[in-house]
K.L.:
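Structure provided below as structure tokens; questions to follow.
The chains referred to below are lettered A, B, ... by the order of the sequence lines, with proteins before strands, and numbering in each begins at 1.
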Amino acid sequence: MRKELEKTYDPVQVEDRIYDFWLKGNYFAAKADPAKKPYTIVIPPPNVTGQLHMGHALDETMQDILIRTRRMQGYAALWVPGTDHAGIATQIVVEAALRNNEGKTRYDLGRERFVRRVWDWKELYGNRILKQLRKLGSSCDWSRERFTMDEGCSEAVKEVFVNLYNKGLIYRGNRIINWCPRCTTALSDAEVEYKEQPGHFWHIRYPIKGTSKSLVVATTRPETMLGDTAIAVNPNDERYKSIVGKTAILPLVGREIPIIADDYVDMDFGTGCVKITPCHDPNDFEVGKRHGLEEILIMDENACINKNGGRYFGLDRYAARKQIVADLEKEGYLVKIEEHSHNVGECYRCKTTVEPIASRQWFVKMAPLAKPAIEAVENGDVKFVPERFSKIYINWMNNIHDWCISRQLWWGHRIPAYYCDDCGEMTVSKETVNVCPKCGSNHMHQDEDVLDTWFSSALWPFSTLGWPKKTADLDYFYPTTTLVTAYDIIFFWVARMIFSGLEHTGKPPFKTVFIHGLVRDAQGRKMSKSLGNGIDPLKVIEQYGADALRFALATNNSPGNDMRFSDEKVEASRNFANKLWNAARFVLMNLHGEETALPAHLTLDDKWILSKLNNVVADVTANIDKFELGIALDKVYSFIWDDFCDWYIELAKIRLFAGGEQAEGASRVLVYVLDKILKLLHPFMPFITEEIWQSIPHEGKALVVAPYPEYSEALNFAADEEDMNLIMSAIKEIRAKRAAMNIPLSKKAALFIETDKPETFAKGAEFFKRLAGVSEIEIERELSVANALTMVVPSAKLMIPMNELVDPEKERARLNKEKAAAENEITRCESRLNNEGFISKAPAKLIEDERKKLASLKEMLDKINDSLAKLGEIK
RNA sequence: GGGGGCAUAGCUCAGCUGGUUAGAGCGCUCGCUUCACAUGCGAGAGGUCGGGGGUUCAAGUCCCUCUGCCCCUACCA
């Protein structure tokens with residue numbers, strides 16, 4: 001017994017139940033199957049601290065559309081889920097909880113206990129976001145859920161670290177890095193966001209020793225002068241040639257510092273003199289190395305002045321700045337202050353201004369890794385969609401610096417380097433080192449630092465499949481097929497996966513990178529916590545359903561471009577779901593048996609809808625192959641709403657209500673087409689399609705694993721489509737005419753059709769009656785009807801004797817307007833066909849179409865003229 | 001300083017390798033309680049595809065240029 005469907009679709013009643021049904025059927029599980037082709041996506045692992053936001057919703061929707069399509073197409077479609085330990089982000093969250101709940105810092109607990117706390121926290125909340133993904137309908141293989149700090153991923157991290165170290169591609173060195181004083185850790189270049197900020201240019205006078213002269217330097221960070229160890233000028237600067245080699249006296253400090261010449265200095269900028277602070281500026285650091293300058297670090301890990309700062313010791317960097325400026329002024333060294341806007345770097349996690357500081361850190365040597373990673377994209381092994389992102393990627397890779405990978409955090413992969421307390425030897429090893437291989441001492445300690453979070457996510461496509469072990473999964477599913485992500489994460493993640501995959505597995509980690517844009521609010525602003533303009537996907541799902549949310553995200557969205565999100569958009573999507581629901585209700589209400597195959601006899605409207613469907617299948621498949629998901633969905637949408645619901649169902653009613661064999665035939669075609677519709681739409685709107693599909697006659701256990709439709713030449717009825725189009729445009733014309741003249745369809749009237757294709761129109765006789773308010777119909781090659789409303793359409797003249805409703809003058813005006821339009825088109829057509837260039841160079845098909853069009857137009861013009869003449873007679 | 005994007009109907013946006021009369025959703029107007037659906041049905045109004053130039057038989061689509069927004073990237077103190 002079939003269950004009756006409700007009048008309005010209620011996603012809340014359906015979605016969780018359907019998701020459970022999928023889980024129970026184990027339909028998302030993928031296994032290596034030699035009989036199938038693999039299709040693999042690894043999820044961009046959301047932070048364990050994360051809450052599902054619209055960006056995730058878009059990203060997961062895109063992935064799910066792809067994976068569901070391929071699964072139905074018979075691929076071994078694997079979508080690997082998981083989360084990222086998100087070093088800084090997670091540590092911040094747990095530290096905040098610790099502070100708020102217990103008033104403690106991580107130092108109060110100590111490293112070991114703190115890390116255990118984070119694990120506890122992860123166990124408690126870490127799966128929240130993955131549960132939220134289920135609400136969206138994500139068809140991940142949950143049996144393969146991974147975590148960047150689980151055992152396997154951690155093994156991979158150690159393996160990679162040791163390999164790179166042994167190849168000399170990881171080194172430890174003292175260099176200028178970006179330091180976040182709030183997180184008290186080093187950051188990579190990618191983790192710093194630059195913002196244009198108003199600031200000042202302080203011009204400071206440095207006396208030259210043994211003279212009464214002085215030099216003026218300009219700086220945006222006066223506090224760094226405490227660490228100055230030279231003044232530099234350009235060697236070609238005539239102004240300063242005489243003083244190069246002399247000594248300057250550092251104001252406030254009194255230190256004697258050399259005046260040096262270096263090409264780095266731009267003569268035309270500022271005063272042409274630059275203070276050199278090797279420990280607090282990357283350029284100065286290089287200058288310092290070139291000239292063997294003293295390196296004086298003046299800040300501690302909290303960006304407070306350290307003991308090298310003399311009387312400023314202990315002051316925070318900004319307090320120190322204020323004090324130093326005041327002192328400079330007091331002592332007469334401050335020449336002037338200028339307004340100056342400049343780029344200030346911020347920590348991408350906590351937005352604190354970062355400090356460039358010389359520090360001993362671990363780095364990945366990038367040049368040798370970048371080269372093959374660039375080539376892989378250049379030679380097409382890895383393709384970006386849209387293509388323009390490959391340029392952005394290559395550009396970035398070409399200018400990449402060594403990657404600072406050590407973080408002074410507690411939450412993360414600890415660096416596998418061990419130091420001997422006795423002889424100082426360092427040993428890098430996958431295994432814990434308890435005995436110094438050099439001196440045999442057992443006084444060993446491991447490096448305190450952890451690795452950049454992105455170091456482990458860079459390995460995600462292969463670490464999740466078992467690497468470094470040679471697993472069957474790795475062999476089968478790797479390289480993965482498609483990576484789906486937003487453009488803002490290309491540098492952090494995509495680039496690093498590419499060089500890591502190439503270096504460690506010898507293969508690029510994926511074939512295609514499918515890039516989408518960001519989801520913005522209705523005003524086009526980025527959704528953010530601080531603005532409070534974020535729309536919660538879970539609330540949208542509660543209100544409208546996950547299918548509606550997915551539809552709203554996928555429709556009218558083109559690769560790589562940002563999109564706006566609004567309630568209206570979801571409402572429209574919800575309405576579409578309801579439309580489909582009701583179409584299905586109708587089909588069910590008129591069901592004749594459980595047959596799923598097409599009936600032997602097909603009518604004109606049957607052939608028309610089947611032929612259209614067939615083409616939609618081909619188009620949509622092609623669009624999805626090209627990642628044109630928005631276009632694909634649009635085609636499915638208009639086929640369902642415009643062709644199936646508005647036309648085919650209405651036409652089918654004729655036979656359904658007539659009963660008997662006719663009704664059965666129509667019913668079976670309805671079921672057949674609906675089945676295909678549900679399959680085409682399923683990747684986009686999985687819940688409602690599965691729910692409906694389970695209710696209609698079907699083959700197989702679940703739509704989620706039902707075979708995806710394919711184009712079939714046997715269902716190509718091009719000629720019938722054309723015939724149907726003639727009838728449809730005639731029906732539309734009559735409706736338009738009636739609407740314009742305020743004659744409701746309920747007011748029936750006779751219809752006379754003069755046409756040279758009487759057989760064609762005869763096939764649609766009943767259609768006119770049903771859809772155009774026609775009571776009786778006569779179709780002839782030659783017809784003359786007095787006092788009739790006349791409409792000229794391709795291949796036919798339609799006449800409705802309704803003289804009492806026709807104002808001859810208005811009718812004449814209308815016909816004249818049509819005549820002018822037709823003549824206009826004819827002129828265009830003719831001039832085109834008379835154009836020699838067009839005839840000789842345009843494709844034959846196009847010329848042929850143009851000729852047909854001209855003939856048809858001329859025929860219509862004749863008929864219009866004829867009608868005008870008749871109108872004259874009547875008058 | 002480099003690189004990229006966007007500009008199409010009142011609003012938000014599609015429009016693939018150039019090819020009929022440029023599309024959708026929302027909004028708007030008119031008419032419909034028609035036996036799946038008013039979260040609906042039918043009919044409409046609304047666009048010099050940012051300006052200018054070029055290539056082509058043919059340009060919203062390709063090239064150049066200008067204008068206006070937006071983003072990324074970069075060590076000018």
K.L.:
Taking atom P in both B:C16 and B:C6, what distance in whole Å separates the two?
P.N.:
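B:C16 and B:C6 have their P atoms separated by 11 Å.
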K.L.:
For B:U8 versus B:G23, give the span between their C1' atoms, rounded off to a whole number of Å.
P.N.:
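Each nucleotide's C1' atom is 10 Å from the other's.
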K.L.:
Do A:Lys845 and A:Asp849 sit within salt-bridge range, that is, some charged N less than 4.0 Å from a carboxylate O?
P.N.:
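Salt bridge: yes.
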K.L.:
Answer with base, sugar-phosphate or nothing: what part of the nucleic acid does A:Pro843 contact at a heavy-atom distance below 4.0 Å?
P.N.:
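The answer is base, as A:Pro843 lies within the cut-off (heavy atoms under 4.0 Å) of a base atom.
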K.L.:
Using Watson-Crick or G-U wobble geometry with both distances under 3.5 Å, which nucleotide pairs with B:U55?
P.N.:
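Across all strands, not a single nucleotide pairs with B:U55.
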K.L.:
When the C1' atoms of B:G31 and B:A38 are considered, how many whole Å apart are they?
P.N.:
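My reading of the C1' atoms in B:G31 and B:A38 gives 14 Å.
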K.L.:
Determine the Euclidean distance between corresponding C1' atoms of B:A59 and B:G40; express it in Å to zero decimal places.
P.N.:
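Nearest-Å result for B:G40 against B:A59 at atom C1': 40 Å.
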K.L.:
Which part of the nucleic acid does A:Lys391 contact within heavy-atom distance under 4.0 Å: base, sugar-phosphate only, or nothing?
P.N.:
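Since only primed, P, OP1 and OP2 atoms lie under 4.0 Å of A:Lys391, the category is sugar-phosphate.
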K.L.:
Please work out if A:Asp849 contacts a base, only the sugar-phosphate, or nothing of the nucleic acid, heavy-atom cut-off 4.0 Å.
P.N.:
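No contact.
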K.L.:
Classify A:Arg574 by what it touches in the nucleic acid, base, sugar-phosphate, or nothing, heavy-atom distance under 4.0 Å.
P.N.:
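A:Arg574: base contact, heavy atoms under 4.0 Å.
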K.L.:
Got a sec, which residues hit side chain to side chain contact (heavy atoms under 4.5 Å, CB included) with A:Lys732, two or more places apart in sequence or on another chain?
P.N.:
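So A:Lys732 forms a side chain to side chain contact (heavy atoms under 4.5 Å, CB included) with A:Trp647.
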K.L.:
Between A:Ser390 and A:Glu387, is any side-chain donor less than 3.5 angstrom from a side-chain acceptor?
P.N.:
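Yes, A:Glu387 and A:Ser390 have a side-chain donor paired with an acceptor closer than 3.5 Å.
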K.L.:
Roughly how far apart, to the nearest Å, are B:A22 and B:U61 at atom P?
P.N.:
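Each nucleotide's P atom is 15 Å from the other's.
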K.L.:
Just to be sure I understand the rule, does A:Lys275 reach a base, reach only the sugar-phosphate, or reach nothing, if contact means heavy atoms closer than 4.0 Å?
P.N.:
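A:Lys275: no heavy atom of the nucleic acid under 4.0 Å.
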K.L.:
Check every strand shown and say whether A:Val587 touches a base, only sugar-phosphate, or nothing at a heavy-atom separation below 4.0 Å.
P.N.:
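Result for A:Val587 = nothing.
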K.L.:
Flag the pair A:Thr621 / A:Asp625 as yes when at least one side-chain heavy-atom distance between them is below 4.5 Å, and no otherwise.
P.N.:
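They are in side-chain contact.
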K.L.:
What interatomic distance, in whole Å, is found between P of B:A58 and the corresponding atom of B:U21?
P.N.:
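The answer is 14 Å between these two P atoms.
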K.L.:
Counting any heavy atom closer than 4.0 Å, what does A:Phe491 reach on the DNA or RNA strands: base, sugar-phosphate only, or nothing?
P.N.:
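Answer is sugar-phosphate: A:Phe491 comes under 4.0 Å of backbone atoms only.
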K.L.:
Between A:Thr224 and A:His280, which heavy-atom pair has the shortest distance, and what is it?
P.N.:
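Heavy-atom minimum between the residues: CG2-CB, 4.2 Å.
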K.L.:
What interatomic distance, in whole Å, is found between C1' of B:U55 and the corresponding atom of B:U67?
P.N.:
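Those two atoms are separated by 23 Å.
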K.L.:
With RNA chain B as reference, determine whether A:His401 or A:Pro744 sits nearer its 5' end, using the nearest nucleotide of each.
P.N.:
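The residue closer to the strand's 5' end, by nearest nucleotide, is A:Pro744.
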K.L.:
Please list, chain by chain and in numerical order, all residues satisfying salt bridge (charged side-chain N to carboxylate O under 4.0 Å, His left out) with A:Lys195, sequence neighbours excluded.
P.N.:
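For A:Lys195 the salt bridge (charged side-chain N to carboxylate O under 4.0 Å, His left out) partners, ignoring immediate neighbours, are A:Glu346.
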K.L.:
Can you check the distance between B:C66 and B:G2, where both ends of the measurement are the P atom (answer in whole Å)?
P.N.:
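To the nearest whole Å, 14 Å.
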K.L.:
By nearest nucleotide on RNA chain B, pick out whichever of A:Asn742 and A:Glu571 is the more 5' one.
P.N.:
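Result: A:Asn742.
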K.L.:
Short of 4.0 Å, heavy atom to strand atom, which residues of residues 641-652 of chain A count as contacting RNA chain B?
P.N.:
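When residues 641-652 of chain A is checked for heavy atoms under 4.0 Å from RNA chain B, the hits, listed by number, are A:Trp641, A:Cys645, A:Asp646, A:Ile649, A:Glu650.
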K.L.:
Under 4.0 Å, counting only non-hydrogen atoms across every strand here, what does A:Tyr9 touch: a base, just sugar-phosphate, or nothing?
P.N.:
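Counting heavy atoms under 4.0 Å across all strands, no contact is made by A:Tyr9.
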K.L.:
Find the partner of B:A14: check Watson-Crick (N1-N3 plus N6-O4 or O6-N4) and G-U wobble (N1-O2, O6-N3) distances, both under 3.5 Å, and reply none if neither fits.
P.N.:
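Paired with no nucleotide.
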K.L.:
Base, sugar-phosphate or nothing for A:Ser558? Non-hydrogen atoms, less than 4.0 Å.
P.N.:
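It contacts sugar-phosphate atoms only.
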K.L.:
Going by heavy atoms in the side chains, are A:Val274 and A:Phe269 under 4.5 Å from each other?
P.N.:
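When only atoms from C-beta onward are counted, A:Phe269 and A:Val274 do not touch, as no gap falls below 4.5 Å.
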K.L.:
If the condition is side chain to side chain contact (heavy atoms under 4.5 Å, CB included), which residues does A:Ala548 pass it with, not counting sequence neighbours?
P.N.:
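By the side chain to side chain contact (heavy atoms under 4.5 Å, CB included) rule, A:Ala548 matches A:Tyr544, A:Val570, A:Ser573, A:Arg574.
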K.L.:
Using the rule given for salt bridge (Lys or Arg N to Asp or Glu O under 4.0 Å), can you reason through A:Arg655 versus A:Glu766, listing the C-alpha separation, both sets of side-chain angles and the distance that settles it, and then say yes or no?
P.N.:
CA-CA 10 Å; A:Arg655 283 179 288 153; A:Glu766 293 304 313; over 6 Å; no
K.L.:
With sugar-phosphate meaning primed atoms plus P, OP1 and OP2, does A:Asn561 contact a base, only sugar-phosphate, or nothing at under 4.0 Å between heavy atoms?
P.N.:
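The residue A:Asn561 makes sugar-phosphate contact but no base contact.
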K.L.:
In a check of ring-ring contact (aromatic ring centres under 6.0 Å, His included) between A:Trp641 and each of A:Phe644, A:Phe639, A:Tyr637, which one passes?
P.N.:
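Considering A:Phe644, A:Phe639, A:Tyr637, a ring-ring contact (aromatic ring centres under 6.0 Å, His included) with A:Trp641 is found only for A:Tyr637.
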K.L.:
Quick one: how far along RNA chain B does chain A reach, first to last nucleotide 5' to 3', anything under 4.0 Å to a heavy atom?
P.N.:
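Here the contact window of chain A covers B:G4 to B:A77.
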K.L.:
If the condition is side chain to side chain contact (heavy atoms under 4.5 Å, CB included), which residues does A:Lys391 pass it with, not counting sequence neighbours?
P.N.:
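Residues passing side chain to side chain contact (heavy atoms under 4.5 Å, CB included) with A:Lys391: none at all.
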K.L.:
Within the structure shown, what part of the strands sits under 4.0 Å from A:Ala583 by heavy-atom distance: base, sugar-phosphate, or nothing?
P.N.:
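Base, at least one base atom sits under 4.0 Å.
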